[in-house]
Amino acid sequence: MKKIDVSNTLHSYVKASAEGLAQELLALHGENVISIALYGSATGQSFSPKKSNINSVVVFKDITGETLQKSLKLIKKGAKKKIVAPLFFTLDHIKSSCDSFPMEFCEIQETQSHVYGEDIFSSLVIEKDALRLECEQQTKALVIKLRQSYLEST
């Protein structure tokens, strides 16, 4: 089994939380776990134990109902420590979703701190056209919502 390797540059609270999360995920799911990574504010200098959440992503060989069921107690326990329910993916789901969620995958890629297994996100290719399209879609949706909110407020 691959070694858990949490970066020493992380806040001590994040480091301890990530190690605990990884150990428990591996105890529950064993060889089904391909990769575990942290991302978002927990990996940066702005992390605040009182204000910030800890975001993580777990890549599995396969995700079934049993995978989710086995994880419920761990996720509930983590919520008390401000560990947000991890994003659960398979490799195929990631590869087929880069064009659907390019901003989200860019955020993971740019802020990730690899914890266990294969470093999936460093080599992930996100097409600029998909990123541009998602930005355009979200901007247009906000304009529509702004107009709607204005009309509702008068």
Side-chain angles (χ1 to χ4, degrees), residues 1-126 130-131 133-139 141-142 145-146 149:
M1 187 173 278
K2 298 172 187 119
K3 182 180 151 205
I4 295 170
D5 186 22
V6 181
S7 172
N8 287 327
T9 63
L10 296 174
H11 188 283
S12 60
Y13 181 81
V14 175
K15 186 173 178 358
S17 296
E19 286 171 347
L21 176 67
Q23 288 170 352
E24 292 189 56
L25 281 165
L26 291 169
L28 287 172
H29 302 291
E31 295 297 318
N32 191 28
V33 177
I34 297 172
S35 178
I36 302 171
L38 303 178
Y39 71 96
S41 65
T43 63
Q45 299 298 319
S46 64
F47 178 79
S48 168
K50 293 181 181 181
K51 296 179 183 176
S52 302
N53 291 323
I54 299 173
N55 297 298
S56 59
V57 57
V58 184
V59 182
F60 291 92
K61 291 177 185 173
D62 186 45
I63 299 174
T64 64
E66 182 183 359
T67 308
L68 300 174
Q69 185 68 36
K70 285 167 96 175
S71 302
L72 287 174
K73 286 182 184 176
L74 174 60
I75 303 311
K76 188 173 183 177
K77 180 178 155 185
K80 294 175 185 174
K81 299 177 184 178
K82 299 192 75 150
I83 301 172
V84 175
L87 301 177
F88 280 10
F89 290 110
T90 62
L91 277 176
D92 287 340
H93 189 189
I94 292 170
K95 291 176 184 174
S96 68
S97 299
C98 284
D99 60 342
S100 301
F101 302 104
M103 287 180 20
E104 292 80 356
F105 284 124
C106 274
E107 179 190 6
I108 294 170
Q109 191 175 53
E110 290 175 3
T111 64
Q112 79 153 333
S113 179
H114 185 72
V115 174
Y116 170 82
E118 295 177 36
D119 185 353
I120 304 298
F121 293 97
S122 289
S123 60
L124 196 62
V125 176
I126 300 165
L131 191 55
L133 189 61
E134 185 177 8
C135 289
E136 182 179 345
Q137 183 273 332
Q138 287 195 16
T139 302
L142 287 171
K145 185 67 177 165
L146 180 64
S149 296

Solution key, residues 13-25 side-chain donor-acceptor pairs under 3.5 Å, sequence neighbours excluded:
unit_1	atom_1	unit_2	atom_2	d
Y13	OH	K81	O	2.8
K15	NZ	N8	OD1	3.4
K15	NZ	E19	OE2	2.9
S17	OG	Y13	O	2.9
E24	OE1	K77	NZ	3.2
E24	OE2	K77	NZ	2.8

Practice item. Can you establish whether the number of heavy atoms outside K73 located under 6.0 Å from its atom NZ is more than 12? Key: no
Check your understanding: So do the side chains of I54 and K82 get within less than 4.5 Å of each other, counting heavy atoms only?
Key -> no
Practice item. Could you check if a side-chain atom of S41 sits within less than 4.5 angstrom of a side-chain atom of N53, using non-hydrogen atoms only? Key: no
Point to revise | Heavy-atom side-chain proximity of L26 to I4 below 4.5 angstrom | key: yes
Exercise for review: Show your reasoning for whether side-chain contact (heavy atoms from CB on, under 4.5 Å) applies to H29 and S71.
Suggested key: CA-CA 9 Å; H29 302 291; S71 302; 2.8 Å; yes
**Study point:** Heavy-atom side-chain proximity of F47 to L10 below 4.5 angstrom
**Key:** no
Practice item. Might you work through the ring-ring contact (aromatic ring centres under 6.0 Å, His included) test for F89 and F105, ending with a clear yes or no? Key: CA-CA 12 Å; F89 290 110; F105 284 124; 5.5 Å; yes
Point to revise | Short side-chain to backbone donor-acceptor contact, T90 and H93, under 3.5 Å | key: yes
Check your understanding: Going through the checks in order, is the side-chain contact (heavy atoms from CB on, under 4.5 Å) test met by N55 and T111?
Key -> CA-CA 11 Å; N55 297 298; T111 64; over 6 Å; no
Review point. Just wondering, are more than 12 heavy atoms of other shown residues or ligands nearer than 6.0 Å to CD in Q137?
Key: yes
Check your understanding: Hey, what do you get for CD1 (I36) to CD (E118), rounding to the nearest 0.5 Å?
Key -> 12.5 Å
Practice item. Check whether any side-chain heavy atom of C98 sits under 4.5 Å from a side-chain heavy atom of L124, and report yes or no. Key: yes
Review point. Looking at OG of S123 and CD of Q109, how far apart are the two atoms once the value is rounded to the nearest 0.5 Å?
Key: 8.0 Å
Exercise for review: Would you check if T67 and D62 make a side-chain contact, meaning some heavy-atom pair closer than 4.5 Å?
Suggested key: no
Practice item. Can you measure from CD (E31) to NZ (K61) and round to the nearest 0.5 angstrom? Key: 5.5 Å
Practice item. Evaluate side chain to side chain donor-acceptor pair (under 3.5 Å) for S122 paired with Q112, printing each intermediate quantity in order. Key: CA-CA 8 Å; S122 289; Q112 79 153 333; 3.1 Å; yes
Check your understanding: How many angstroms lie between atom CD1 of I83 and atom CG of L74, to the nearest 0.5 angstrom?
Key -> 8.0 Å
Point to revise | Euclidean distance, S113 OG relative to F121 CZ, rounded to 0.5 Å | key: 13.0 Å
Revision key, fill the gap. Nearest heavy-atom approach of Y116 to K3 is CD1-O, 3.8 Å
Exercise for review: Could you tell me which non-hydrogen atom of M103 sits nearest to which non-hydrogen atom of C135, and how far apart they are?
Suggested key: SD-SG, 3.6 Å
Review point. Side chains of H114 and S35: does their closest heavy-atom pair fall under 4.5 Å?
Key: yes
Review point. Once you round to the nearest 0.5 Å, how far does CD1 of I94 lie from CD1 of I120?
Key: 6.0 Å
Check your understanding: For the side chain of T43 and the backbone of Y39, is there at least one donor-acceptor N/O pair under 3.5 Å apart?
Key -> no
